[in-house]
There are 2 protein chains.
Amino acid sequence: MAYASALQCLSDPTRRQVFERLRAGPQSVGALAHGLPVSRPAVSQHLKALKDAGLVLQRAEGARRVYYIDPQGLAELRRWLDRFWTDALTAFKNEVDATHGTRSKP
Amino acid sequence: MAYASALQCLSDPTRRQVFERLRAGPQSVGALAHGLPVSRPAVSQHLKALKDAGLVLQRAEGARRVYYIDPQGLAELRRWLDRFWTDALTAFKNEVDATHGTRSKP
DNA sequence: CACTAGCGTAAGCCATTGCTTACGGTAAGT
DNA sequence: ACTTACCGTAAGCAATGGCTTACGCTAGTG
């Protein structure tokens with residue numbers, strides 16, 4: 001259940017901002033910090049959290065570290081949400097049928 | 001951007017547990033609290049948060065309040081994630097093409 | 001009209017956490 | 001080799017947030 005850490009990561013607005021900036025493509029830490037309302041170490045910590053959650057990957061490019069989105073992390077989150085979605089919909093439909101058509105508690 | 005509050009809601013493990021219990025179908029507050037490792041008021045507060053985030057709905061059934069999942073909240077979260085997913089994939093593919101095939105910076 | 005069941009809300013406490021400053025360590029440039 | 005750029009980590013702090021106990025209110029029941 002890695003979606004738990006992913007959800008917790010994406011709950012923080014600043015961290016989500018970092019993640020969304022990565023959506024356009026790979027970026028270095030400094031480039032990410034430039035334009036965000038927090039310091040560079042803060043961005044670094046957010047990136048570590050995102051990496052631990054399996055949402056981003058990293059490659060060294062000289063002295064700078066370039067981060068980019070890990071599709072697998074997003075995929076797992078999507079699977080969880082999709083499963084949840086279908087389950088909730090069937091439960092919803094069942095409830096409508098039970099309440100509407102016949103008696104709900106025989 | 002209501003997905004923000006939805007994400008923050010689902011980040012807490014206990015609150016997510018409450019939400020997942022609702023996946024099977026509508027339930028009252030007491031029924032939800034029974035079996036969870038927290039007190040009933042705690043569950044009540046979680047339900048309020050989920051309701052404010054647009055993830056659950058409520059109906060009065062005599063003295064008891066029955067909560068159930070709001071498909072719309074899930075739908076919005078799904079839309080956000082899907083959009084993110086496609087964007088990230090195209091960026092990923094573009095990067096692979098640029099790094100692999102031709103020059104990345106003309 | 002009491003009395004109970006079922007919830008929501010308020011106040012308070014404690015843990016978590018996000019941010020900053022400060023420091024250390026590696027890579028590139030001169 | 002010295003300096004600069006770039007980054008991760010540690011420590012410390014202030015704020016957020018989840019849980020509990022206590023209280024008040026409404027809906028049924030005798």
Side-chain angles (χ1 to χ4, degrees), chain A residues 1-22 25-70 104-105, chain B residues 1-22 25-70 104-105:
Chain A
M1 35 172 147
Y3 65 88
S5 47
L7 279 174
Q8 193 186 350
C9 260
L10 296 177
S11 68
D12 181 67
T14 307
R15 195 159 27 206
R16 199 170 49 237
Q17 238 179 320
V18 171
F19 192 56
E20 297 206 356
R21 282 193 167 228
L22 251 38
Q27 274 196 293
S28 70
V29 179
L32 284 168
H34 183 81
L36 287 180
V38 294
S39 68
R40 184 198 50 77
V43 175
S44 210
Q45 291 165 4
H46 283 310
L47 286 170
K48 174 175 173 53
L50 287 168
K51 185 178 156 199
D52 289 347
L55 288 172
V56 303
L57 293 173
Q58 180 205 44
R59 70 165 174 261
E61 204 163 279
R64 60 188 76 180
R65 314 299 167 106
V66 175
Y67 285 83
Y68 55 101
I69 290 185
D70 182 4
S104 55
K105 289 199 175 180
Chain B
M1 36 173 146
Y3 64 90
S5 47
L7 280 174
Q8 192 187 350
C9 261
L10 297 177
S11 67
D12 181 67
T14 307
R15 198 176 309 148
R16 199 170 47 240
Q17 238 179 318
V18 172
F19 192 57
E20 298 206 354
R21 279 191 169 232
L22 250 39
Q27 276 198 295
S28 70
V29 179
L32 283 169
H34 183 80
L36 287 180
V38 294
S39 68
R40 185 198 51 77
V43 174
S44 210
Q45 291 165 5
H46 282 311
L47 285 170
K48 174 176 174 54
L50 288 168
K51 184 178 158 199
D52 290 346
L55 287 171
V56 303
L57 292 172
Q58 179 204 46
R59 70 166 174 259
E61 204 163 278
R64 59 188 76 179
R65 314 300 166 109
V66 176
Y67 285 83
Y68 55 102
I69 290 185
D70 182 3
S104 55
K105 289 197 175 181

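Every chain is numbered from 1, with letters handed out A, B, ... down the list of sequences. What you see is a predicted model; the values in this text were computed from it and never measured.
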Basic-acidic side-chain contact under 4.0 Å: A/Asp12, A/Arg16: no

Looking at the side chain of [X], which of [options] is the nearest nucleotide?
X: A/Arg64; options: C/dC7, D/dC19, D/dC7; answer: D/dC7
X: A/Arg65; options: C/dG18, D/dC7, D/dG18; answer: D/dC7
X: A/Val29; options: C/dC19, D/dG8, C/dC7; answer: D/dG8
X: B/Ala63; options: C/dT9, D/dA27, D/dG8; answer: D/dA27

Passing option when A/Tyr67 is tested against A/Val29, A/Leu50, A/Leu57 for side chain to side chain contact (heavy atoms under 4.5 Å, CB included): A/Val29

Whole-Å distance between [N] [atom2] and [X] [atom1]?
X: B/Gln17; N: D/dG18; atom1: CD; atom2: P; result: 14 Å
X: A/Arg16; N: C/dG18; atom1: CZ; atom2: P; result: 12 Å
X: A/Asp52; N: D/dG8; atom1: CG; atom2: P; result: 12 Å
X: B/Asp12; N: C/dA15; atom1: CG; atom2: P; result: 17 Å
X: A/Leu47; N: C/dG18; atom1: CG; atom2: C1'; result: 14 Å
X: A/Arg59; N: D/dC7; atom1: CZ; atom2: P; result: 13 Å
X: A/Lys51; N: D/dC7; atom1: NZ; atom2: P; result: 14 Å

DNA chain C-proximal residues of residues 35-45 of chain B, any heavy atom under 4.0 Å: B/Arg40, B/Pro41, B/Ser44, B/Gln45

Sugar-phosphate only, base, or nothing, as touched by B/Gln58 at under 4.0 Å among non-hydrogen atoms: sugar-phosphate

Sugar-phosphate, base or nothing in reach of B/Glu61, heavy atoms under 4.0 Å: nothing

Contact nearer the 5' end of DNA chain C, comparing B/Tyr67 with A/Gln8: B/Tyr67

Given DNA chain C, 5'-ward residue of the pair A/Gly62 and A/His46, judged by closest heavy atom: A/His46

Pairwise side-chain contact, B/Gln17 with B/Leu36, heavy-atom cut-off 4.5 Å (strictly under): yes

Close side-chain approach of A/Leu22 and A/Gln27, heavy atoms under 4.5 Å: yes

Sole candidate of A/Arg65, A/Arg64, A/Arg59 that passes salt bridge (charged side-chain N to carboxylate O under 4.0 Å, His left out) when paired with A/Glu61: A/Arg59

Derivation of the side-chain contact (heavy atoms from CB on, under 4.5 Å) call for B/Asp70 and B/Val56: CA-CA 5 Å; B/Asp70 182 3; B/Val56 303; 5.6 Å; no

N/O (side chain, A/Thr14) to phosphate O (OP1/OP2, C/dG18) under 4.0 Å: no

Polar side-chain atom of B/Ser44 near backbone of B/Pro41 as donor-acceptor pair, under 3.5 Å: no

